[in-house]
Amino acid sequence: MATMHTPIVLNTITLANRLVMPPMATATSDNGYVTPDCLQYYDEKTKDGCIGLVIVEHCYVNKQGIAKKGQMSISRDSDIPALQSLVDVIHKNDVKVMAQINHAGSACDTEITGMPAISASAILNEKKNILPQEMSQSQINAVISDFADAAMRAKKAGFDGVEIHSAHGYLLNQFYSPITNKRTDSYTGATIEGRLKLHIQIIEAVRNAVGKNFLLAVRLGGCDYVKNGSTIEDSVKAAILFE
């Protein structure tokens, strides 16, 4: 009988046990680059091999998608060596590691990015007090490419996989939620297929970039818990479509 201490095989990767450390932002980067403080943090958390898998805190796929100061970058080829040092620290403790890749959308920090916020629709982000621009098809295509490029950088840095971030009200979750997606094109907020179209395009682009053996996951904020928002039933349909 399997317990949390029983090894498990995911694709071609074997985890020593079933314990997973989820992404938790440390805000310790310097201009997006991994710092010694960041390395020390992950070294402390993974010593003694008590965790089977670490999913590293969200990394932005392009500058326009930065959520906050101190967030790690996976948007530049120059990020790869520092990310490799992070992977090496975790791997030396016999723990597998995935990178979480993200775009903040209307939850970005415009003071840092110096660019206008973008989202599924021009719906006010009340937490940030930001009114984003509705994304054009060319902007959507660019973001798809940015996610695929970020995943390829993760692979080059030695990560065991990537997790696409669609939770916490960030860009992909903004497409998923009918509250923030009022589009009427093929990404329409009126159907679950329209709300998930960008997700599926990104999943396909990432898989094509990294190959079939690289671990790939999606973190979905499955339910808005408010009237007219996404529902648990939506998340079940989403999981089937993602698979």
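We use all heavy atoms of the structure for the numbers below, so side chains are in, but hydrogens, waters and symmetry mates are not.
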**Request:** Decide side chain to side chain contact (heavy atoms under 4.5 Å, CB included) for Val162 and Gln100; before the verdict, give the C-alpha distance in whole Å, the side-chain angles of both, and the deciding distance to 0.1 Å.
**Result:** CA-CA 6 Å; Val162 292; Gln100 189 184 68; over 6 Å; no

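- The cationic group of Arg76 lies under 6.0 Å from the six-membered ring centre of Tyr33 and within 45° of the ring axis, placing it in a cation-pi geometry.
- Atom CG of Asn11 has more than 12 neighbouring heavy atoms from other residues, nucleotides or ligands inside a 6.0 Å radius.
- Residue Ile118 holds its CD1 atom at 12.0 Å from CD1 of Ile130, rounded to the nearest 0.5 Å.
- Met72 is connected to Met24 through a chain of hydrophobic side-chain contacts under 4.5 Å among Ile, Leu, Val, Met, Phe, Trp and Tyr, so both are in one cluster.
- Distance alone, capped at 3.5 Å, places no donor-acceptor pair between the Gln64 side chain and the Ala117 backbone.
- Both the sub-6.0 Å distance and the 45° axial angle are satisfied by Arg195 relative to the ring of Tyr176.
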**Request:** Show your working on ring-ring contact (aromatic ring centres under 6.0 Å, His included) between His199 and Phe242 and close with a plain yes or no.
**Result:** CA-CA 8 Å; His199 296 69; Phe242 292 161; 5.6 Å; yes

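- Side-chain atoms of Glu57 come within 3.5 Å of backbone N or O of Thr26 as a donor-acceptor pair.
- When the shell of 6.0 Å around CG of Asp185 is examined, it contains more than 12 heavy atoms from other residues, nucleotides or ligands.
- Under a 4.5 Å side-chain heavy-atom criterion applied to ILVMFWY residues, the cluster that includes Ile232 comprises Tyr225 as well.
- Atom CG of Leu53 is separated from atom CG of Leu19 by 10.5 Å, given to the nearest 0.5 angstrom.
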**Message:** Test side chain to side chain contact (heavy atoms under 4.5 Å, CB included) on Met135 and Tyr187; report intermediate values, then the result.
**Reply:** CA-CA 11 Å; Met135 292 174 69; Tyr187 300 92; over 6 Å; no

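- In this structure, Gln139 contributes its side chain and Ser136 its backbone to a donor-acceptor pair below 3.5 Å.
- Around CD of Glu44, the count of heavy atoms belonging to other residues, nucleotides or ligands within 6.0 Å exceeds 12.
- Closest non-hydrogen pair, Leu216 versus Ile164, comes out as CD1-CD1, 3.8 Å.
- In terms of modelled atom types and a separation under 3.5 Å, the side chain of Arg18 and the main chain of Gly52 share no donor-acceptor contact.
- In this structure, the separation between CG on Leu215 and CE on Met98 is 5.0 Å, given to the nearest 0.5 Å.
- Of the possible polar contacts, none joining the Asp109 side chain to the Lys68 backbone as a donor-acceptor pair under 3.5 Å is found.
- In terms of modelled atom types and a separation under 3.5 Å, the side chain of Asp234 and the main chain of Thr231 share a donor-acceptor contact.
- Counting heavy atoms of neighbouring residues, nucleotides and ligands inside a 6.0 Å radius, atom NZ of Lys92 exceeds 12 of them.
- Between the side chain of Lys237 and the backbone N or O of Glu233 there is no donor-acceptor pair closer than 3.5 Å.
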**Message:** Run Tyr170 and His58 through ring-ring contact (aromatic ring centres under 6.0 Å, His included) and show every step you take.
**Reply:** CA-CA 11 Å; Tyr170 291 128; His58 66 157; 5.3 Å; yes

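- Looking only at distances, no side-chain donor or acceptor of Asp160 sits under 3.5 Å from a matching main-chain atom of Ile13.
- Rounding to the nearest 0.5 Å places CD1 of Ile55 at 10.5 Å from NE2 of His165.
- For the residue pair Asn213/Thr12, the side-chain donor-acceptor check at 3.5 Å is not satisfied.
- The neighbour count for Glu243 CD, taken as heavy atoms of other residues, nucleotides or ligands under 6.0 Å away, does not exceed 12.
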**Request:** Under the salt bridge (charged side-chain N to carboxylate O under 4.0 Å, His left out) rule, what do Arg153 and Asp79 come out as? Steps first, then yes or no, please.
**Result:** CA-CA 8 Å; Arg153 291 186 190 101; Asp79 294 322; 5.9 Å; no

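- Rounding to the nearest 0.5 Å places OG of Ser73 at 12.0 Å from CD1 of Ile101.
- Looking only at distances, no side-chain donor or acceptor of Asn93 sits under 3.5 Å from a matching main-chain atom of Gly49.
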**Item:** Ile140 and Phe175: CA distance, side-chain angles, deciding distance, side chain to side chain contact (heavy atoms under 4.5 Å, CB included) verdict
**Value:** CA-CA 11 Å; Ile140 289 173; Phe175 271 81; 4.2 Å; yes

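- Nearest heavy atoms, Lys128 versus Asn125: N-OD1, 3.1 Å.
- A donor-acceptor pair under 3.5 Å is absent between the side-chain atoms of Ser177 and the main chain of Gln174, judged by distance alone.
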